[in-house]
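Here's the structure, in structure tokens; my notes come after.
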Number of protein chains: 2
Amino acid sequence: MTHEAVTRTVPRSTPHKRATMADVAALAGVGLKTVSRYVNGETNIAPDISARIGEAISALNFRRNFAAASIRPGRHSELIALIIEDIANPFYSALTGAIENALRDEGFVLIVASSEEDTARHTQLVEQFLERRVDGLIIVPPRDPGPQWVRLADEIPALVLLDRPDPQVTADTIVADDRAGGRLATELLLEGGSRRIAFVGESLDLVSVAARHRGYQDALRAAGLTPDPALRLAGDRSADAVSRTVHRLLAADPTIDGLFGSNNRSAVGILGALRELGEQRAVVGFDDFEAATLVSPQLTVVTHDLAEMGRRAADLVLRRIRGDDTEPQHVTLPVTAIRRGSDRIRPQEK
Amino acid sequence: MTHEAVTRTVPRSTPHKRATMADVAALAGVGLKTVSRYVNGETNIAPDISARIGEAISALNFRRNFAAASIRPGRHSELIALIIEDIANPFYSALTGAIENALRDEGFVLIVASSEEDTARHTQLVEQFLERRVDGLIIVPPRDPGPQWVRLADEIPALVLLDRPDPQVTADTIVADDRAGGRLATELLLEGGSRRIAFVGESLDLVSVAARHRGYQDALRAAGLTPDPALRLAGDRSADAVSRTVHRLLAADPTIDGLFGSNNRSAVGILGALRELGEQRAVVGFDDFEAATLVSPQLTVVTHDLAEMGRRAADLVLRRIRGDDTEPQHVTLPVTAIRRGSDRIRPQEK
DNA sequence: CTGTTAGCGCTTTCAC
DNA sequence: GTGAAAGCGCTAACAG
């Protein structure tokens, strides 16, 4: 207990200089290299020396300086960065969680950052992470990654693209089967009896949204219907904006009997608008979210496994770091429908 | 353009050794220190030399190795880590986003990790981050931070605790006004006409939950009611578990006319159970969430500004890093009610 | 204004 | 098994 008092750390306000390996070596009366061996878990150390080093380490409260160790060429930083549109968006939570989880199991650490769809910010983030010598980068690219992107991407030791493929860049890519998903969602609405189905989504400039829209068109044409451009509502980024647009649309054309919300913000916006109007329409969303099971009727969605996407991304980036130099992989994750009821509402039922 | 071709980066598969400052100095025909000055944006460099260095840097595609720069004593890693219960939980999204945003503006980078309420994991994460010489740590401590926590916390150069204060540890702390919030939520239910009000929440071992429960008791007593232990449902961590518990409770005691969901998972569980039962009860939640505005009637909640909490956390940690060694701050954020209707439902209205 | 020299804390030859 | 010496990429004196 007396010992306790002696070991007591200096108050945080007086930043105590941390002990170094040399300090440990001196206290234990051994060479620097032996301490290094001990710290790195190498086995060829005599038991008594090993014990002495262990004591010195806890006496000095030594902690290896990982940054110092990692500047050596050939060494990894064991740092992976993730750049997404906006961390504050719950949509990316499952993704981030799955990535962090998979990486931590392998001793890697995850840095997160939001690009906010801003080209300059995206570029700046990538450059900053290169300076920090991240071993790999997982990115949902911004709409416009900028002219320097191709060259910048080439500097990244291991790169995985999520959700938005980019043929200009050499990288592993993981996407959902967006076209099949768009088709599936639209088919559900058709089966539910809808005939005038609106497509609601973000900018069609996004590869993923465009693919979902193509699937929507596929399904309509297969049913002998002609996609009506007036029913294509694209470009709203927030749920509120979507909601206002849906208000306008339904006011202008009350014959619309089905809505496909092609991402979760769109679906939320649609539900909000219908709620405010006190009207019912058949609705199918893309991507699942908590509120989907709480509304009445519950929301039918087409979804893919975001956690799986995160795990795959982590796997791919780690594989590259470990030296896999085979052709870039392009993974398409399957989509599934979760039918909960909202796909088959008829307006008159209200 | 010929130059272009020469500059072309080696394929990712052949990890090109990055150029160092010495390479840049050699190519530009200047001293090492001058390059260092240039890179660090110092001004006292002759224009022509400056230009030569700039050219050499882009020719060699040089990027400063931040890790190498930061091992120098007195230098910062400009790394802050955030440990929360679970990143995959959307509840923490706004928090994480606000922290990342505030830190990025100051050039700091955010590492995120989930403790999953696990003591060993929490300890391991903190130790790993100390090895990486993070400048600061923002933590939502796990229920049981473990016996070594007090000493470990003392090693952290700048520490901010969120949501769960810990008197044993010297740290800045930010909490919501949980007791006032619990009281406010309960008062809303009382005003709405409820008399038998259930408290639904996570473990009362959590400081924040316990405080909300105390507020709930305060309000009941002020109204001349006696808190009934049978109406205290604590310990469920997932929305599903809450939902099952609520089912049982309402089956056992149909006279319950109000429910206080003391965190967002509890509120979601309550809404799910009521939905399944096809029953209505007055409900007030703690913490706002997207689904709250989509259910009918919309959910009334007591909430605080999570983004503000994140910003304050970032501010505090940066202030400490910059040498503020005043007394630890304990910030209590105000709570507000958002009345949306669910507080005044009478069961018979259904 | 610029360059030389000496480290930072660690790992890595390579002898003993 | 162990240790001395060299060096990673960079910055901090300190001369010129």
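Note on naming: letters A, B, ... go to the chains in the order of the sequence lines (proteins, then strands), and numbering restarts at 1 for each one.
- Residue A/Met21 has its side chain nearest to C/dT11 when only C/dT2, D/dT2, C/dT11 are considered.
- Nucleic acid contact for A/Arg37: base, since at least one base atom lies under 4.0 Å from a heavy atom of the residue.
- As rounded to whole Å, 15 Å separates atom C1' of D/dC10 from atom CZ of B/Arg18.
- In this view, B/Arg104 and B/Glu100 satisfy the salt bridge (charged side-chain N to carboxylate O under 4.0 Å, His left out) rule, not counting sequence neighbours.
- Atom-to-atom, CG of B/Asp23 to C1' of D/dC10 comes out at 13 Å; the value is rounded to the nearest Å.
- With the nearest nucleotide of DNA chain C identified for both B/Arg133 and B/Ala46, B/Ala46 has the one nearer the 5' end.
- Per the geometry, NE2 belonging to A/His76 stands 15 Å off C1' belonging to D/dC8, to the nearest Å.
- Distances from the side chain of B/Ala68 to the nucleotides C/dC1, C/dT11, D/dG9 place D/dG9 closest.
- For the pair A/Arg18 and A/Asn61, the minimum side-chain heavy-atom distance is below 4.5 Å.
- Distance CD1 (A/Ile71) to C1' (C/dC8): 8 Å, rounded to an integer number of Å.
- B/Leu32 comes within contact range of at least one nucleobase, with a heavy-atom separation under 4.0 Å.
- B/Val30 comes within 4.0 angstrom of sugar-phosphate atoms only, judged by non-hydrogen atoms across all strands, and of no base.
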Test side chain to side chain contact (heavy atoms under 4.5 Å, CB included) applied to B/Leu95 and B/Leu162, step by step: CA-CA 10 Å; B/Leu95 190 62; B/Leu162 256 32; 4.0 Å; yes
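- Rounded to whole angstrom, the span from the CZ atom of B/Phe66 across to the C1' atom of D/dC8 amounts to 17 Å.
- Between A/Ser36 and C/dT11 there is a side-chain polar atom (N or O) within less than 4.0 angstrom of OP1 or OP2.
- The two residues A/Glu106 and A/Arg322 come nearest to each other via the heavy atoms OE1-NH2, 3.1 Å.
- Close to D/dA12, at under 4.0 Å from its OP1 or OP2, lies a side-chain N or O of B/Arg75.
- What separates CD of B/Glu42 from P of D/dC10 is a distance of 15 Å, to the nearest Å.
- The phosphate of D/dG3 (OP1 or OP2) has a side-chain N or O of A/Thr34 nearer than 4.0 angstrom.
- Here the P atom of nucleotide C/dC14 and the CG atom of A/Asn44 are 18 Å apart, to the nearest Å.
- Of the listed nucleotides (C/dT2, C/dC10, D/dC10), D/dC10 has the atom at the smallest distance from the side chain of B/Asn65.
- The nearest whole Å value for the distance from the CZ atom in A/Arg52 to the C1' atom in D/dT2 is 12 Å.
- Side-chain contact annotation: A/Asn40 with A/Arg64, donor-acceptor N/O pair under 3.5 Å present.
- Across C/dG9, D/dC10, C/dT2, the shortest atom-to-atom separation from the side chain of B/Ala69 is found for D/dC10.
- Taking only side-chain nitrogens and oxygens, A/Asn40 comes nearer than 4.0 Å to OP1 or OP2 of C/dT11.
- Residues B/Ser93 and A/Ser93 have side chains that bring a donor and an acceptor to within less than 3.5 angstrom of each other.
- Counting any heavy atom pair closer than 4.0 Å across all strands shown, A/Tyr38 reaches no nucleic acid atom.
- For A/Lys33, whose side chain is taken as the heavy atoms from C-beta onward, the closest listed nucleotide among D/dG1, C/dT12, C/dT11 is C/dT12.
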